[in-house]
Amino acid sequence: MEAGEAAGAVLFLLAAAVSLLAAVSTGALDFTYLVTVVGEGSSTSPGSGGGAWWREAWVGARSRAVAPALQVGVWACMVMSVMLVVEATYNSPSASPQARRLRPERWFKWEPLGGGAGAGDEEKGEAAAAAYPMVMVQIPMYNELEVYKLSIGAVCGLKWPKERLIIQVLDDSTDAFIKNLVELECEDWASKGLNIKYATRSGRKGFKAGALKKGMEWDYAKQCEYVAIFDADFQPEPDFLLRTVPFLMHNQNVALVQARWVFVNDRVSLLTRIQKTFLDYHFKAEQEAGSATFAFFSFNGTAGVWRTEAINDAGGWKDRTTVEDMDLAVRATLKGWKFIYLGDLRVKSELPSTYKAYCRQQFRWSCGGANLFRKMIWDVLVAKKVSSLKKIYILYSFFLVRRVVAPAVAFILYNVIIPVSVMIPELFLPIWGVAYIPTALLIVTAIRNPENLHTVPLWILFESVMSMHRLRAAVAGLLQLQEFNQWIVTKKVGNNAFDENSETPLLQKSRKRLINRVNLPEIGLSVFLIFCASYNLVFHGKNSFYINLYLQGLAFFLLGLNCVGTLPDHCCF
């Protein structure tokens with residue numbers, strides 16, 4: 001067992017102890033009502049009068065069947081809520097300033113190459129260039145009319161000896177006009193002395209994973225020790241390779257160096273602001289915590305550098321899920337490889353600018369993660385090159401809690417059980433589960449994003465809506481339903497769509513038919529939530545949730561009408 005893994009285990013046990021201590025000290029831990037008294041609501045039924053029989057029948061069925069069944073769901077959600085708060089507490093140390101000062105350079109060897117920024121200058125000569133390893137940069141793209149120049153131009157500006165760098169543009173575009181433009185762009189950079197390759201395929205088998213796999217089969221690719229990957233909307237800084245590759249050169253057990261994303265459009269709309277809050281948690285907590293303790297986290301699919309040997313050792317790219325990046329990362333770590341996350345190395349990218357595009361992206365990520373969980377359980381259990389603690393971390397924390405438990409409790413408890421409870425007085429909801437735990441999760445999220453504190457309430461409502469899509473995706477992935485391997489590329493708009501000197505988006509909402517503007521699942525759930533809130537307001541019971549329910553219903557209604565972000569050109573979700 002390594003020091004990082006032991007520290008991770010200790011942190012997890014401390015997180016569980018702190019959560020339990022807080023619950024006991026506040027008096028929140030109260031299990032005196034594990035089973036609600038049957039027939040509690042029978043006294044409210046009328047004792048006489050014609051037609052009262054159906055009320056008595058409903059009260060009897062409610063107290064004997066409906067309430068006990070829902071009570072089981074309540075306690076299942078309470079268990080999952082505790083799992084979430086322990087996970088959040090475990091990740092909290094990575095958000096502290098003290099933890100951020102523990103830079104990867106302190107744990108892994110890193111030395112600058114050839115004197116730093118000017119190392120790629122021609123005057124250094126062939127002898128100096130020979131000290132640099134062969135690196136290939138892959139740029140997979142699919143009909144990326146708006147952004148193809150951005151990524152190709154940024155990659156061609158990387159500081160690295162030209163004779164030691166190969167740029168590979170993997171174009172799966174189906175639009176002949178766009179393919180021609182991309183090829184001409186590559187030819188233009190090749191005329192300037194860059195070693196840039198334009199590669200296409202006859203089909204799109206395997207989508208992005210298939211393109212990356214095909215790209216690794218070229219003879220020139222086999223000569224490269226390291227492979228950097230950037231999606232079509234990513235723009236790395238010139239020193240990206242100079243800051244990442246030395247980690248791989250000087251640490252032979254490191255397979256991946258991952259950089260953090262920043263966004264060119266995170267202030268364009270409320271939708272992109274909320275996305276930034278969500279992704280900040282992912283980077284600041286999940287990836288930093290995983291990197292610092294178990295040297296493992298999910299590859300983000302872009303803005304990272306892989307060791308070619310590690311890719312081959314893990315079995316190469318596979319297209320069995322829609323999260324080929326996570327798939328490769330898990331298989332590589334099971335072979336004993338380690339990962340490094342560089343939180344201070346940032347690469348510009350673009351957030352989905354429409355609600356439907358964001359939903360498609362989240363569905364692909366959530367469905368693929370859950371499906372990979374199903375496929376990898378046995379492989380993790382029998383792996384011989386990782387410790388038992390790391391196996392527990394991968395199966396419990398990385399997969400179960402984040403991919404399954406989080407969307408399940410977020411939707412079932414807050415969008416189904418609590419709304420229904422206003423009509424079933426026999427149902428017992430412990431205050432620590434519906435009030436204290438959500439408050440603790442809110443505080444943990446807020447302290448990681450102080451600059452976005454004013455958007456946190458809106459983020460909570462937005463995540464309530466997104467939990468519906470993520471749970472549907474998780475179920476589709478776990479059960480391998482028909483849509484589990486669906487891949488729809490997220491549409492980009494490029495830098496030209498934004499005015500960098502203004503907070504006002506230049507993207508204008510286009511006029512669409514009503515049927516293309518309405519998301520029926522969101523509208524249907526908004527009607528349900530507003531009905532439950534109104535019932536709670538008129539018929540006061542043991543609990544008053546109507547304010548929260550009205551806000552949730554309003555959030556579902558507004559997103560059902562695509563009132564956040566910009567309207568999409570194509571509505572195909």
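This one's a predicted model, so the numbers in the text were calculated from it and none came from an experiment.
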Give a yes/no verdict on a cation-pi contact between R470 and F278, requiring under 6.0 Å between NZ or CZ and the six-membered ring centre and an angle within 45° of the axis.
yes

Look at atom CD of Q482 and say whether more than 12 heavy atoms of other residues, nucleotides or ligands are closer to it than 6.0 Å.
no

Mind listing the closest non-hydrogen atom pair of G301 and I229 along with its distance?
O-CG2, 3.6 Å

Please check: side-chain N/O of E144 versus main-chain N/O of D233, any donor-acceptor pairing under 3.5 Å?
no

Below 4.5 Å, heavy atoms only, C-beta onward: do N548 and Q552 meet side chain to side chain?
yes

Report yes or no: does N415 contribute a side-chain atom to a donor-acceptor pair with the main-chain N or O of M468 at less than 3.5 Å?
no

With a 3.5 Å distance limit and no angle check, can you tell me whether S366 reaches the backbone of A473 through a side-chain donor-acceptor pair?
no

Residue pair V227 / Q168, side-chain heavy-atom distance below 4.5 Å
no

Could you check T455, I460, D266 and say which one makes a side-chain contact (heavy atoms from CB on, under 4.5 Å) with T277?
T455

Please examine the side chains of I139 and D171, heavy atoms only from C-beta on, and report whether any two atoms are closer than 4.5 Å.
no

Are R260 and D280 ion-paired here, with the side-chain N under 4.0 Å from a carboxylate O?
yes

Would you compute the distance between atom CG of N371 and atom CG of L479 and round it to the nearest 0.5 angstrom?
10.0 Å

Is any side-chain heavy atom of C359 closer than 4.5 Å to a side-chain heavy atom of K356?
no

If you compare all heavy atoms of F398 against all heavy atoms of V330, which two are closest, and at what distance to 0.1 Å?
CE2-CG2, 4.1 Å

Students often mix this up, so state it plainly: with edges at 30° and 60°, are the rings of F399 and F373 parallel, tilted or perpendicular?
parallel

Taking all heavy atoms of R204 and all of T174, pick out the closest pair and write down the distance.
CD-CG2, 4.3 Å

For W110, is the CH2 atom crowded, meaning more than 12 foreign heavy atoms sit under 6.0 Å from it?
yes

With rounding to the nearest 0.5 angstrom, report the CG to SG distance, L372 to C367.
11.0 Å

Salt-bridge present (K375, D327; N to O < 4.0 Å):
no

Report yes if the side chains of I424 and V66 come closer than 4.5 Å at any heavy-atom pair, otherwise no.
yes

Just verifying a value: how many Å separate I340 CD1 and L256 CG, rounded to the nearest 0.5 Å?
9.0 Å

Evaluate the ring planes of W261 and F263, with Trp represented by its six-membered ring, and classify them as parallel (under 30°), tilted (30 to 60°) or perpendicular (over 60°).
perpendicular

Less than 4.0 angstrom from a charged side-chain N to a carboxylate O is my criterion; do E87 and R402 meet it?
yes

Closest heavy-atom pair, F528 versus P419, reported as atoms and distance to 0.1 Å, is CE2-CB, 3.8 Å

Heavy atoms, side chains only, cut-off 4.5 Å: are V82 and W432 in contact?
yes

Is T333 reaching over with its side chain to a backbone N or O of A329, donor-acceptor style, under 3.5 angstrom?
no

Any side-chain to backbone donor/acceptor pair from T322 onto R364? Under 3.5 Å, distance only.
yes

For K391, does the NZ atom sit with more than 12 other heavy atoms under 6.0 Å from it, leaving out its own atoms?
yes

Ring-plane angle category for Y355 and F462, please: parallel below 30°, perpendicular beyond 60°, tilted otherwise.
perpendicular

Contact summary for W317 and A209, nearest pair of heavy atoms
CB-O, 3.7 Å

Out of D231, D325, D172, which one pairs with K208 under the salt bridge (charged side-chain N to carboxylate O under 4.0 Å, His left out) rule?
D231

NZ (K109) and NE2 (H250) are apart, to the nearest 0.5 Å, by 6.0 Å

Answer yes when K385 and D313 have at least one side-chain N-carboxylate O distance shorter than 4.0 Å, and no when they do not.
no

May I ask you to check whether Y142 and F207 place their ring centers less than 6.0 Å from one another?
no

Whether S291 side chain and Q287 backbone form a donor-acceptor pair below 3.5 Å
no

Just say parallel, tilted or perpendicular for the rings of F283 and Y341, cut-offs at 30° and 60°.
parallel

Could you tell me whether a side-chain N or O of R307 sits under 3.5 Å from a main-chain N or O of E225, the two making a donor and an acceptor?
no

Gap separating the CG atom of L429 from the CG atom of L413, nearest 0.5 angstrom
7.5 Å

For ring-ring contact (aromatic ring centres under 6.0 Å, His included), just list the numbers for F297 and F339, CA-CA rounded to whole Å, side-chain angles, deciding distance to a tenth of an Å, and then say yes or no.
CA-CA 7 Å; F297 49 85; F339 305 157; 5.7 Å; yes

Heavy-atom check, side chain of L342 versus side chain of Q258, under 4.5 Å
no

With a 4.5 Å cut-off on side-chain heavy atoms, are K338 and F296 touching?
no

So how far is it from D379 CG to M376 CE, rounded to the nearest 0.5 Å?
4.5 Å

In short, E324 meets K318 closest at the heavy-atom pair CB-O, 3.6 Å

Any donor-acceptor N/O pair, Q138 side chain to A211 backbone, under 3.5 Å
no

